[in-house]
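In the text below, chain A, chain B and the rest are named by the order of the sequence lines, each starting its count at 1. Nothing here was measured: the structure is a model prediction, and the numbers come from that model.
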Number of protein chains: 2
Amino acid sequence: MAMLAIGRLSKDSGVKIPTIRYYESIGLLPPPVRSEGNRRLYPPEAVRRLRFIRHARELGFEIDAIRRLADLAQDPEKPCCEADLLARRRLVEIEEKISRLAAQREELVRMIGDCAHGRIEECRVIDTLDDHAKCLHAKH
Amino acid sequence: MAMLAIGRLSKDSGVKIPTIRYYESIGLLPPPVRSEGNRRLYPPEAVRRLRFIRHARELGFEIDAIRRLADLAQDPEKPCCEADLLARRRLVEIEEKISRLAAQREELVRMIGDCAHGRIEECRVIDTLDDHAKCLHAKH
DNA sequence: CTTGCTTCTCCAGTGACTGGAGATTGTAGC
DNA sequence: GCTACAATCTCCAGTCACTGGAGAAGCAAG
Ligand SMILES: [Zn+2]
Ligand SMILES: [Zn+2]
Ligand SMILES: [Zn+2]
Ligand SMILES: [Zn+2]
């Protein structure tokens, strides 16, 4: 089988070279064999593993969760409840983040909309920041 | 005027003590006078300044932006366009974040919903992570 | 053989805190 | 005055997931 140099792996997987080395250093990607000149040589499957990792990162999973997911993916006979649980946890996290951001958005829209764009003295942006009581939905 | 110790300031402002010291170290909060025994002594206005900072942090402004906003707040005669611009920038950022999160949510909901919760082999969560092509709206 | 590209290791920096160690200061009760 | 105990001091390391630079070494083509 044709082994890949790290640059090739990087291009094929869409993961930057320093990131690949970083993943190896934290044990997320197994250390590959080395050439005579000490360069990393990856088997073709490494592309798939890295793409898996990248996709999970894009969905916002933390490294620890990805480690579990990647391990589970190697074990086709196991029940998938743990994988599903990790996904549901991430979903909850996302929903919390979205609602926090939505509250921030609401307040910013109001601040910006209310401001007549005159002097600082009458600026609604500064004014609202200065007095949290002026933001009614104080839930952030 | 009654000066405040850092613990009092912390309670009144809702900002933790190490964070107050950190803000001082990065020049966001001016260094206060010291007591004979080298403790920090804050004027009452410090509470307001810290609350302003906290409110801005809660809205997700970065420290650099807050530095500008807090400086502007001291200058009531200036036009407020810069403050408004910073707020609009933050709003744009928020909206980008929300849409990224919404895309992630959509994919996770589908993964979780499609999964029959059997073995890993048939798990839609693992399967989708493994092949990004299986997520149609590949926009994350 | 030289040029230029790739890769190597090691280390420091990012942002915004957070917390621990170990020393000192302040205060209240006895 | 003495003794607890609380509050504060400085300094430093750790968090998360990378990112990039320095300086050295390997490798392929002309
Ligand atoms: Zn304004
Ligand atoms: Zn608010
Ligand atoms: Zn499943
Ligand atoms: Zn996807």
Side-chain angles (χ1 to χ4, degrees), chain A residues 2-29 31-42 46 50 52-70 89-90 93-94 97 100 104 140, chain B residues 2-29 31-42 46 49-50 52-70 86 89-90 93-94 97 100 104 140:
Chain A
M3 300 295 258
L4 316 177
I6 197 170
R8 197 70 236 268
L9 177 61
S10 170
K11 261 162 210 144
D12 290 1
S13 65
V15 177
K16 287 188 199 157
I17 291 174
T19 305
I20 295 173
R21 289 198 276 246
Y22 169 70
Y23 286 162
E24 182 185 328
S25 81
I26 59 167
L28 180 55
L29 196 64
V33 298
R34 299 289 184 124
S35 74
E36 277 184 41
N38 198 35
R39 271 114 192 262
R40 290 170 177 83
L41 289 180
Y42 295 92
L50 263 185
F52 183 99
I53 293 168
R54 203 189 60 160
H55 197 185
R57 282 298 297 143
E58 280 167 354
L59 288 173
F61 286 98
E62 288 175 8
I63 298 290
D64 274 355
I66 297 175
R67 217 190 305 265
R68 285 301 301 143
L69 289 167
R89 281 221 195 103
R90 174 62 191 147
E93 225 178 74
I94 287 171
K97 280 203 169 144
R100 241 173 289 132
Q104 293 179 10
H140 43 219
Chain B
M3 301 294 259
L4 317 177
I6 197 168
R8 197 70 237 266
L9 177 60
S10 171
K11 261 164 208 140
D12 289 1
S13 65
V15 177
K16 286 186 197 158
I17 292 175
T19 305
I20 294 174
R21 290 198 274 247
Y22 169 71
Y23 286 163
E24 183 185 329
S25 81
I26 60 167
L28 180 56
L29 197 65
V33 298
R34 299 288 183 125
S35 74
E36 275 185 45
N38 198 36
R39 269 109 196 270
R40 292 171 176 83
L41 289 179
Y42 295 91
R49 172 111 178 171
L50 263 186
F52 183 99
I53 293 169
R54 202 190 61 162
H55 197 184
R57 282 298 298 142
E58 280 168 352
L59 289 172
F61 285 98
E62 289 176 6
I63 298 289
D64 274 355
I66 297 176
R67 216 190 304 265
R68 285 301 301 142
L69 290 167
L86 288 167
R89 280 221 197 100
R90 174 63 190 146
E93 224 178 76
I94 288 171
K97 280 204 170 143
R100 242 174 288 131
Q104 293 179 11
H140 45 217

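Between the CG atom of B:Leu9 and the P atom of D:dC9 there is a distance of 11 Å, given to the nearest Å. When rounded to the nearest whole Å, the span between CD1 of A:Ile63 and P of D:dT19 equals 11 Å. In this structure, A:Glu24 places its CD atom 13 Å from C1' of C:dT7, rounding to the nearest Å. In this entry the distance linking CD1 of B:Ile20 with P of D:dT10 reads 13 Å, nearest Å. Between the CZ atom of A:Arg54 and the P atom of D:dC18 there is a distance of 12 Å, given to the nearest Å. Spacing between atom CG of B:Leu41 and atom C1' of C:dT25 amounts to 12 Å, rounded to whole angstrom units. For A:Leu4 and C:dT7, the CG to P distance is 11 Å, given to the nearest whole Å. If you measure from atom CD of B:Glu58 to atom P of C:dA16, you get 15 Å, rounded to the nearest angstrom.
Checking side-chain atoms of B:Arg39 against main-chain N and O of B:Ile6 turns up no donor-acceptor pair under 3.5 Å.
Between atom CZ of residue A:Arg90 and atom CD of residue A:Glu62 there is a gap of 8.0 Å, rounded to the nearest 0.5 Å. Separation of atoms CG (B:Leu29) and OG1 (B:Thr19) is listed at 11.5 Å; rounding is to 0.5 Å. Taken from CZ in A:Phe61 to CD in A:Glu93, the straight-line distance is 9.0 Å, to the nearest 0.5 Å. Here OH of B:Tyr42 is found 5.0 Å from CD of B:Glu24. Values are rounded to the nearest 0.5 Å.
Looking at heavy-atom distances under 4.0 Å, A:Tyr23 makes contact with sugar-phosphate atoms alone, never a base. Counting non-hydrogen atoms under 4.0 angstrom, A:Ile26 reaches nothing in the nucleic acid.
An OP1 or OP2 oxygen of D:dA7 is reached within less than 4.0 angstrom by no side-chain nitrogen or oxygen of B:Arg8. At the phosphate of D:dT10, OP1 or OP2 sits under 4.0 Å from a side-chain N or O atom of B:Arg34. For the pair B:Arg67 and C:dA16, the criterion of a side-chain N or O lying under 4.0 Å from OP1 or OP2 is not met. Contact annotation: A:Thr19 reaches the phosphate of D:dT19 (side-chain N/O to OP1 or OP2, under 4.0 Å). Using a 4.0 Å cut-off, some side-chain N or O of B:Arg21 falls inside it from OP1 or OP2 of D:dC9. Under 4.0 angstrom from either OP1 or OP2 of D:dA7 there lies no side-chain N or O belonging to B:Arg39. Taking only side-chain nitrogens and oxygens, A:Arg40 comes nearer than 4.0 Å to OP1 or OP2 of C:dT9.
For the pair A:Gly37 and A:Pro18, both in contact range of DNA chain D, the more 5′-proximal nearest nucleotide belongs to A:Pro18. Comparing A:Gly7 and B:Asn38, the nucleotide of DNA chain C nearest to each residue sits closer to the 5' end for A:Gly7.
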Problem - Working for side-chain contact (heavy atoms from CB on, under 4.5 Å), residues A:Tyr22 and A:Leu28 - result: CA-CA 9 Å; A:Tyr22 169 70; A:Leu28 180 55; over 6 Å; no
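Taking the side chain of B:Lys16 as heavy atoms from C-beta on, and the options C:dT18, C:dC8, C:dA16, the nearest nucleotide is C:dT18. Proximity note for A:Arg57 (side chain, C-beta onward) versus C:dT7, D:dC9, D:dA17: the nearest is D:dA17. Considering only side-chain atoms of B:Ser35, the nucleotide from C:dG26, C:dA16, D:dA17 that sits closest is C:dG26.
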